Trainee: 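Pasting a structure below so you can have a look.
Keep in mind that what you see is a predicted model, and the values were worked out from it rather than measured.
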Amino acid sequence: MSNPIRVAVLGFWHVHAAEYAARVREHPDTELVAVWDDDLARGQAAADAGRVSFVHNLDALLARDDLDAVTVTTATTEHHAIMLRAIQAGKHIFTEKLLAPTVAEAEEIIAAADNASLALMVSLPRLYHGYTRAIVEQLDQERLGDLTYCRIRLSHDGAVAGWLPERFYDPAAAVGGALSDLGCHPVYLTQLFLGAVPATVNATYVSFTKRHVEDQAVVTLEYPDGVIGVVETGFVSNNPFTIEMHGTRASLAYDSTGNQLRMRSPGADTWQLLSVPEDNADAFSQWVRHIEDGTRADDNLTRAIELTRLVSAANTAAATAATVRYGMSAA
């Protein structure tokens, strides 16, 4: 592209920061021009790796005319303040989830971006994967009948294998533990498949490694029509990513091992293998297109708000060991 979108990475706190920086370098319509981090050593190392300049003064960076957009991978608790500064400076934003620790903060960020006509997008990558599209098609065609149960599990072994940075266990910076980070993926997928608004939320958080935040979490969602959704996540086991659904006509199962999606009717002896299409354009590419076309990521931003709402409700349920009536304590 003759005039690429010039992007800076704000913060290398999150483990996905280097991935997003690489995405900026790889995309034909974007160019990585700078790095900022409140940790000088971490920021300088990241800038050196990307062969770009490190700027320690955030306001000076945001004031630059040769900067069009930013990716935000700071601690979640810093998202609100940093994004509002970026928006005030007229920069488009691509951010790691959660958008913000609270619904009110998330809504304020979105409103500010809308008022400034800036493209804002949250990284919710599994919404755009091929297996997600295939499952939605099965649900739209009512191949499972009436849904009764959905369970989604995503975990890794970062807390026991030692590769997840200790800062991820700091409740002051990370908002929460496994559910607020990795658990976001099964949460927003459950909301996609079952609906954004359950009737009740229950949650169990534990710390197998005895840290200050949960390294394992199970969230149980009751929906008004009697469907149960179960979200499982953790930092203590490296399991395949799995989706399990049951309905009155059939069951469906996805396993990331081999990227296999299967369906079985009641009484059948074998599972039928379903085709999994190619992934849709990833979140970053969609963000770039929104910048170029002057459009808004409507569905993504709506889902980002509802993700924050449900994670907040689950955190409340776990902290109080009580059922949360959704909508009453989910802000």
Side-chain angles (χ1 to χ4, degrees), residues 14-20 22-23 26 96-98 122-141 143-144 147 149-164 168 177-194 208 214-221 228-247 250-264 268 270-286 300 303-304 307 310-311 314:
H14 201 280
V15 293
H16 288 317
E19 174 187 332
Y20 298 155
R23 194 72 187 89
E26 294 165 359
E96 176 63 14
K97 46 66 182 158
L98 294 163
V122 183
S123 180
L124 307 176
R126 293 173 188 267
L127 287 176
Y128 315 115
H129 287 181
Y131 56 80
T132 302
R133 179 150 54 100
I135 292 171
V136 169
E137 289 176 358
Q138 297 299 315
L139 297 177
D140 287 345
Q141 295 170 12
R143 294 281 304 280
L144 276 66
L147 275 183
Y149 181 87
C150 174
R151 171 183 168 270
I152 305 179
R153 177 174 179 81
L154 179 63
S155 66
H156 62 57
D157 61 359
V160 292
W163 59 262
L164 191 66
F168 273 72
L179 195 278
S180 295
D181 182 59
L182 189 65
C184 286
H185 301 292
V187 168
Y188 65 68
L189 286 177
T190 301
Q191 292 179 304
L192 174 67
F193 299 145
L194 302 186
F208 177 80
E214 82 279 1
D215 55 26
Q216 294 194 85
V218 177
V219 178
T220 305
L221 310 173
I228 292 176
V230 179
V231 169
E232 298 181 10
T233 192
F235 294 158
V236 296
S237 60
N238 188 14
N239 309 120
F241 166 57
T242 57
I243 300 173
E244 171 189 351
M245 286 185 177
H246 300 285
S251 295
L252 180 148
Y254 174 78
D255 191 312
S256 60
T257 306
N259 193 32
Q260 289 194 340
L261 180 64
R262 301 174 297 157
M263 179 176 288
R264 186 178 69 177
T270 59
W271 289 81
Q272 173 192 359
L273 199 61
L274 303 178
S275 63
V276 176
E278 294 295 319
D279 294 348
N280 291 330
D282 67 4
F284 184 86
S285 295
Q286 293 184 41
N300 175 271
R303 295 194 182 282
L307 170 62
L310 207 156
V311 168

Trainee: Would you tell me whether S251 and R262 have side-chain atoms, one donor and one acceptor, within less than 3.5 Å of each other?
Mentor: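 Absent: no donor and acceptor within the cut-off.
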Trainee: Closer than 3.5 angstrom, by distance alone: can the side chain of H129 be matched with the main-chain N or O of Y131 as a donor-acceptor pair?
Mentor: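 No, because the side chain of H129 does not come within donor-acceptor range (under 3.5 Å) of the backbone of Y131.
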Trainee: Verify, without hydrogens or angle tests, whether D282 (side chain) and S285 (backbone) share a donor-acceptor contact under 3.5 angstrom.
Mentor: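 Flag set: sc D282 to bb S285 pair under 3.5 Å.
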Trainee: Using 30° and 60° as the class boundaries, would you call the ring planes of H246 and Y149 parallel, tilted or perpendicular?
Mentor: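 Ring orientation of H246 relative to Y149: tilted.
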Trainee: Under the 3.5 angstrom rule, does the side chain of D157 hit a backbone N or O of V236 as a donor-acceptor pair?
Mentor: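 Here the side-chain-to-backbone pair does not exist.
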Trainee: Short question: side chain of T233, backbone of S155 - any donor-acceptor pair under 3.5 Å?
Mentor: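 Side chain of T233 to backbone of S155, a donor-acceptor pair under 3.5 Å: no, none is there.
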Trainee: Pair E244, Y254 - check side chain to side chain donor-acceptor pair (under 3.5 Å), show working.
Mentor: CA-CA 7 Å; E244 171 189 351; Y254 174 78; over 6 Å; no
Trainee: Hey, does the side chain of E214 reach the backbone of G177 with a donor-acceptor pair shorter than 3.5 angstrom?
Mentor: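 Yes; at least one donor-acceptor contact below 3.5 Å.
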Trainee: Between F284 and Y128, is the ring centroid distance below 6.0 Å?
Mentor: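 So the answer is no for these two rings.
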Trainee: Just by distance, do the side chain of Q286 and the backbone of A281 share a donor-acceptor pair under 3.5 Å?
Mentor: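 Present.
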Trainee: Main chain of Q260, side chain of D255: is a donor-acceptor contact present, judged purely on distance under 3.5 Å?
Mentor: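 No, the answer is negative, given that no donor and acceptor are paired below the 3.5 Å cut-off.
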Trainee: Does either side chain, that of R153 or that of S237, offer a donor lying less than 3.5 Å from an acceptor on the other one?
Mentor: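 There is such a pair (donor and acceptor under 3.5 Å, judged by atom type) between the side chains of R153 and S237.
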Trainee: Report yes if the distance between the aromatic ring centroids of H185 and F241 is under 6.0 Å, otherwise no.
Mentor: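 When the ring centroids of H185 and F241 are compared, they turn out to be at least 6.0 Å apart.
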Trainee: Any donor-acceptor pair under 3.5 Å linking the side chain of R133 with the backbone of E278?
Mentor: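 Side chain of R133 to backbone of E278, a donor-acceptor pair under 3.5 Å: yes, one is there.
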Trainee: More than 12 foreign heavy atoms under 6.0 Å from CD of Q141: is that the case here?
Mentor: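 Counting other residues, nucleotides and ligands, CD of Q141 exceeds 12 neighbours.
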Trainee: Out of the candidates L179, V311, I152, only one should pair with V231 under the side-chain contact (heavy atoms from CB on, under 4.5 Å) rule; please name it.
Mentor: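 With V231 as partner, side-chain contact (heavy atoms from CB on, under 4.5 Å) holds for just one option, L179.
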Trainee: Would you say the side-chain atoms of T257 pair up with the backbone N or O of P240, donor to acceptor, closer than 3.5 Å?
Mentor: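 No, T257 side chain to P240 backbone: no donor-acceptor pair under 3.5 Å.
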Trainee: Answer yes or no: is there a donor N or O on one side and an acceptor on the other, between the side chain of K97 and the main chain of D181, under 3.5 Å?
Mentor: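 Looks like yes, one N/O pair under 3.5 Å.
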